[in-house]
Number of protein chains: 2
Amino acid sequence: MTQPGSKSRAAYEWIRERIETGRFTPGYRLVLDAIAREIGISAVPVREAIRLLEAEGLVTFERNVGAQVAFMHEQEYEYTMQTLALVEGAATALSAPRLTGDHIARARSINDQLADSLKLESFDPRRFTELNLAFHTVLFQKCPNPHIADLVGRGWKRLTVLRDSVFGFVPGRARESVGEHEALLRLIEAGEAPLTIELAARDHRLGTLHAVLAYQAGRRHAAPAVGRNPSTHLTREQP
Amino acid sequence: MTQPGSKSRAAYEWIRERIETGRFTPGYRLVLDAIAREIGISAVPVREAIRLLEAEGLVTFERNVGAQVAFMHEQEYEYTMQTLALVEGAATALSAPRLTGDHIARARSINDQLADSLKLESFDPRRFTELNLAFHTVLFQKCPNPHIADLVGRGWKRLTVLRDSVFGFVPGRARESVGEHEALLRLIEAGEAPLTIELAARDHRLGTLHAVLAYQAGRRHAAPAVGRNPSTHLTREQP
DNA sequence: TGATACGAAATCGTATATGGTCTGGGCCGA
DNA sequence: TCGGCCCAGACCATATACGATTTCGTATCA
């Protein structure tokens, strides 16, 4: 299925693309025959595609009833980011000792691009997110544990569905990020203890999460109930 | 599919049971028609079952070629336990503040049973593992993040395929476990910081992992290259 | 003898067909 | 008017059928 050329794959991408771009909104019913007819294939591969989307949490499924685009509650972003903070932190720490000077240089170069993108009069949050992923990918790519690496990949993939780019909402956080990136690089260069690196990487991601949550709280209540500073606890205080 | 009553589900359980009990050994080819005929259904639901097993990593799959029971290298157990240490530690820490005295009492009661099972002249490692899961389930069950909770469940499920019970190999570790359980309970009761609890729970699991790795190294080299004590780093020294 | 090409068997991927299950609307009785 | 029953339509789950792809044995040729 993951293999290109298959119709299941085509159906998967066809549906996913529509969910990502918002043409299929949460609750939209995915009817096998209808989709199959529209793509010009039979229902069998469509069914398989939907099963895969279900496994990714993009659609919900009920036997004898069918599938619909999953409802994502407010907290979905929080849960995903919290999980990503956890696994990406670990992946980065496990990867760190295996990174060469070359890797660090590459990461630093990407971070420079991130810094540059801040200076443009028209800040492009989408591009910032793209570069941000590239930066972190360099850092965790050497993670020797394939399960953890896989979870990191899933987390990022899921984020693409939840938010195109949160940095559009919290541009200030983008600026902070660049500084934290450099700090993280220094820790790695210095050969700091894995746990130190893990918690730094974790905090970095939680920092973005908290910024977004604070922004949302602000929008809701006019008086922003600012969360605490990023904490390594994966948690934040309840209001 | 996850729903009972479906033939996909039946096929899934039929295959999985054979893999778990070792009747289907790694490398065994899973031929759709053959399995379908043997179960008495058509190939379509069997195919779906195999896709699910693939997602769980129990079988590997190649387009136009088919599926076979996944080869699990030596390190598979290590990777799975390391990942479980990571996510279970977090789940436990996130769950801890939501646990009532009732939960703690229940966990302690299970730990008593674990202690009792050590005293029996015939130690039953399988039962120990069962109770052990029950104990930890009490502790992380209140984890509010469904993604992390899900990952914990997957980790445990995967372990059932990898090893029936490692405590048969390292009975000494069973004894240690009981003590660490009590220590963990005290941390939770005392309302310690989430990170403290997280790392304690993580270390607890890594302890078992390291014990098993040391045992394996001992079997291989006669002179056991004992790993370091459990570390919160998720890592251990290379020999 | 070894390499290559051909062809048949095995097996997968997908289309089409069919029976089963759920859902919603209309009819009937209170 | 309202609630319950029944039926028809929609849709899913699975079976069967068939073309497509891979694999592997065998024959042919250098």
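Below, chain A is the first sequence line, B the second, and so on; all start at residue 1.
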For Tyr215(A), all residues meeting side chain to side chain donor-acceptor pair (under 3.5 Å), sequence neighbours excluded: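 Applying side chain to side chain donor-acceptor pair (under 3.5 Å) to Tyr215(A) gives Arg219(A).
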Any Ser8(B) side-chain N or O less than 4.0 Å from OP1/OP2 of dA13(D):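 For dA13(D), neither OP1 nor OP2 has a side-chain N or O of Ser8(B) closer than 4.0 Å.
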Could you list, one pair per line, each protein nitrogen or oxygen that sits under 3.5 Å from a nitrogen or oxygen of nucleotides 6-12 of chain D, together with the distance?
residue : atom : partner  : partner atom : Å
dC12(D) : OP2  : Leu32(A) : N            : 3.4
dC12(D) : O3'  : Asn64(A) : N            : 3.3

[X]: which residues meet the salt bridge (Lys or Arg N to Asp or Glu O under 4.0 Å) condition with it, sequence neighbours left out?
X	value
Glu13(B)	Arg9(B)
Arg163(B)	none
Asp150(A)	Arg154(A)

Among all residues two or more places apart in sequence or in another chain, which pass the ring-ring contact (aromatic ring centres under 6.0 Å, His included) test with Phe167(B)?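 Partners of Phe167(B) by the ring-ring contact (aromatic ring centres under 6.0 Å, His included) criterion, ordered by chain and then number, come out as Phe128(B).
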For the backbone of Val152(A) and the side chain of Glu88(A), can you confirm whether one donor and one acceptor N or O come within less than 3.5 Å of each other?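 No: the side chain of Glu88(A) does not pair with the backbone of Val152(A).
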Pairs involving residues 19-34 of chain A, ordered by first then second residue, that meet side-chain hydrogen bond (donor to acceptor under 3.5 Å, both in side chains) (sequence neighbours left out):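 side-chain hydrogen bond (donor to acceptor under 3.5 Å, both in side chains) check on residues 19-34 of chain A returns Arg16(A)-Glu20(A), Glu17(A)-Arg23(A).
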Please list, chain by chain and in numerical order, all residues satisfying side-chain contact (heavy atoms from CB on, under 4.5 Å) with Ala36(B), sequence neighbours excluded.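 Testing Ala36(B) for side-chain contact (heavy atoms from CB on, under 4.5 Å), a comparison that skips the adjacent residues, returns Ala43(B), Val46(B).
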Of all of residues 35-42 of chain B, which get a heavy atom below 4.0 angstrom from DNA chain D, listed by number?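 Close to the strand are Ile41(B), Ser42(B).
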Quick one: Leu52(B) CG to dA13(D) P, roughly how many Å, whole number?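 Answer to the nearest Å: 14 Å.
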